[in-house]
Amino acid sequence: MSEQRFTSNSEGETRAVAVRIAGDLKPGDVLLLSGDLGAGKTAFVRGLAEGLAIDPDDVTSPTFTLVHEYRGGRLPLIHVDLYRLDRADLDEIGLDTDLAAQGVVAVEWAERLSRRFADAIVVRISDQGGDRRAIEITR
Ligand code: ADP
Ligand code: MG
């Protein structure tokens, strides 16, 4: 178990942290993102996309769609946003498990998942006031 802590002072810095993390990702990795609305979870996922050579502008907040898939990068990126659910089971939200095994899954509002993932990468983003964010990554 290792823990890394970063301080970000802008959306760009949050993305840059995620770009670095993306460089180490391998097929089947799951990232569980938590943090309040506006913390920067989607910004972080844009950085993951960028680091995987996927166009970060393709990454939107999947407000009505729970799952978005982005291909064409080093690994497929599966972006899940559970904001609209109280409680969610990854098995029930239409996640393509074959694709998930080949790619990287990033889950926003991961605290709403009913099942814990033993070897997930846990990303906690907390608002420190203004544009300042603390990013804590445990794996
Ligand atoms: P979430 O997905 O957690 O709800 P978003 O990534 O959609 O959050 O939005 C974060 C908002 O906060 C954006 O409007 C972004 O410009 C702003 N912001 C300000 N400072 C930061 C920072 N340090 N990191 C990330 N986003 C920031
Ligand atoms: Mg979001």
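For reference, positions follow the sequence shown, starting with 1.
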> Under 6.0 Å from the CZ atom of Arg132, do we count more than 12 heavy atoms belonging to anything else shown?
no

> Of all heavy-atom pairs between Gly103 and Leu75, which one has the smallest distance, and what is that distance?
CA-CB, 4.5 Å

> Consider only side-chain heavy atoms of I, L, V, M, F, W and Y, link residues closer than 4.5 Å, and tell whether Val19 and Val59 are in one cluster.
no

> Given Ile78, which partner from the list Val107, Val105, Val104 fulfils the side-chain contact (heavy atoms from CB on, under 4.5 Å) test?
Val105

> So Trp109 and Tyr83, would you call those rings parallel, tilted or perpendicular, with 30° and 60° as cut-offs?
tilted

> So do the side chains of Asp81 and Val45 get within less than 4.5 Å of each other, counting heavy atoms only?
no

> How far apart are the C-alpha atoms of Arg74 and Leu25, what are their side-chain angles, what is the distance that settles it, and do they pass the side-chain contact (heavy atoms from CB on, under 4.5 Å) test?
CA-CA 10 Å; Arg74 180 172 74 81; Leu25 294 174; 4.2 Å; yes

> Looking at Gly35 and Lys41, what are the two nearest heavy atoms and their distance?
O-NZ, 2.9 Å

> How long is the gap from CG on Leu66 to NE2 on His79, to the nearest 0.5 Å?
11.0 Å

> Heavy atoms only: give me the nearest Ala49-Pro56 pair and the separation to one decimal.
CB-CA, 4.1 Å

> Using 0.5 Å steps for rounding, measure from the CD atom of Gln128 to the CD1 atom of Ile135.
10.0 Å

> Do you know which two heavy atoms are closest between Ala100 and Leu95, and how far apart they sit?
CB-CD2, 4.3 Å

> Quick check for you: to the nearest 0.5 Å, what is the distance between Ile121 atom CD1 and Leu33 atom CG?
10.0 Å

> Contact between Asp127 and Arg133 at the side-chain level, heavy atoms closer than 4.5 Å - yes or no?
yes

> As a quick check of understanding, evaluate side-chain contact (heavy atoms from CB on, under 4.5 Å) for Ile21 and Val123, giving each step before the final call.
CA-CA 11 Å; Ile21 298 299; Val123 180; over 6 Å; no

> Would you indicate whether the side-chain heavy atoms of Leu82 and Leu113 approach each other to under 4.5 Å?
yes

> Answer yes or no: is there a side-chain heavy-atom contact under 4.5 Å between Leu52 and Tyr70?
no

> Are side-chain heavy atoms of Thr138 and Arg124 found at a separation under 4.5 Å?
yes

> In Å and rounded to the nearest 0.5 Å, what is the CZ to CD1 distance from Arg5 to Ile137?
11.0 Å

> Are there more than 12 heavy atoms of other residues, nucleotides or ligands under 6.0 Å from atom CG of Asp96?
yes

> How long is the straight-line distance from CG of Leu32 back to CD of Glu108, given to the nearest 0.5 Å?
12.0 Å

> Quick one: which residue pairs count as a side-chain hydrogen bond (donor to acceptor under 3.5 Å, both in side chains) with a foot in residues 18-28, not counting sequence neighbours?
Lys26-Asp29

> So do Leu99 and Arg71 actually touch side chain to side chain, heavy atoms under 4.5 Å?
yes

> Without swapping roles, check the side chain of Arg46 against the backbone of Arg15 for a donor-acceptor pair under 3.5 Å.
no

> Working to the nearest 0.5 Å, report the span between CD1 of Ile125 and CG of Asp36.
10.5 Å

